[in-house]
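Structure first, then comments.
For clarity, every value in this text was computed on a predicted model and none was experimentally measured.
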Amino acid sequence: VDLRPCPIANAAVSLGSEGCLKLWDFIKDKEVYSKEYSGKGTCLDWMPTSELNQSKVVAAGFSNGIVRIMLLGNAEFHILAAFKAHDAPLFKVLYSPDAKSFITAATDGTIFFFVLNQEDLQIYEPICMVETESTITDIRWHSGSKKIIASLQSGKVIEYVIPEKG
């Protein structure tokens, strides 16, 4: 259901509707490894490259509202964090371009904002959740890493400024 290419290597991660996460070497046309998780897979994002994450962290969203933060190891995926962000199926998981914020959006029109710990890849600190007036059809970062913009099924476009921690 979703695919994200690695920003620095000839690799990609895919997530199937059955909940199977796979790492691919697309130059060799070969699956490197895979792992199946409970819940139907719905969305993926690759954390922007930093010295800390070395382009080895992906977030996977599932129909049961669970987010799994995965570290790509040499032979398997390692779970860095797993948390239930929503009661409804996840529609989108997105890292900010500066890798300091993370958002999740669900099919019920809710958006959850998180701050990422810049020293520990396992810590996703929840900041707040907002409810939109209708179903979200798309959501993107706007103006760098300080705002998001979402389109709604009603045709309306809304913008949210990322809340400050504290």
For [X] and [Y], work out which heavy atoms get closest and say how close.
X: A105; Y: I136; result: CB-CD1, 4.1 Å
X: F112; Y: P126; result: CE2-CB, 3.5 Å
X: A85; Y: F114; result: CB-CZ, 4.3 Å
X: V93; Y: C43; result: N-SG, 3.7 Å
X: S134; Y: L152; result: OG-CB, 3.3 Å
X: S101; Y: I162; result: OG-CG2, 3.9 Å

V157: hydrophobic cluster co-members (side-chain, 4.5 Å): I149

For I123, the rest of its hydrophobic cluster, which grows through side-chain links under 4.5 angstrom: none

Sequence neighbours excluded, which residues qualify as side chain to side chain contact (heavy atoms under 4.5 Å, CB included) partners of [X]?
X: Y95; value: D45, M47, P48, V57, A59, I69, F102, L116, Y124
X: K28; value: D25, K30
X: E119; value: N117

Side chain to side chain, V130 and F113, heavy atoms closer than 4.5 Å: yes

According to a hydrophobic-cluster definition based on side-chain heavy atoms being under 4.5 Å apart (Ile, Leu, Val, Met, Phe, Trp, Tyr only), do [X] and [Y] belong together?
X: F62; Y: W46; result: yes
X: I103; Y: I158; result: yes
X: L94; Y: L121; result: no

With sequence neighbours excluded, residues passing side chain to side chain donor-acceptor pair (under 3.5 Å) with K35: none

Where at least one partner belongs to residues 92-109, residue pairs that pass salt bridge (charged side-chain N to carboxylate O under 4.0 Å, His left out), sequence neighbours excluded: K92-D138

For residues 3-10, tabulate all N or O donor-acceptor pairs below 3.5 Å that involve a side-chain atom, not counting sequence neighbours.
{"unit_1": "R4", "atom_1": "NE", "unit_2": "L44", "atom_2": "O", "d": "3.2"}
{"unit_1": "R4", "atom_1": "NH1", "unit_2": "D2", "atom_2": "OD1", "d": "2.9"}
{"unit_1": "R4", "atom_1": "NH2", "unit_2": "L44", "atom_2": "O", "d": "3.2"}

Test item: side-chain donor near acceptor, S63 and T42, under 3.5 Å: no

Pairwise distance CD1(I148) to CD1(I139) - rounded to 0.5 angstrom: 3.5 Å

Let me check something: any side-chain donor-acceptor pairs from residues 70-84 under 3.5 Å, sequence neighbours excluded? List them with distances.
{"unit_1": "K84", "atom_1": "NZ", "unit_2": "N64", "atom_2": "O", "d": "2.4"}
{"unit_1": "K84", "atom_1": "NZ", "unit_2": "H86", "atom_2": "O", "d": "3.4"}

Would you give me the side-chain donor-acceptor pairs under 3.5 Å for residues 14-23, sequence neighbours excluded?
{"unit_1": "S14", "atom_1": "OG", "unit_2": "W24", "atom_2": "NE1", "d": "2.8"}

Pairs flagged by ring-ring contact (aromatic ring centres under 6.0 Å, His included) wherever residues 135-163 is involved - sequence neighbours left out: none

side-chain hydrogen bond (donor to acceptor under 3.5 Å, both in side chains) partners of residues 51-61, not counting sequence neighbours, each pair once: T49-S55, S50-N53

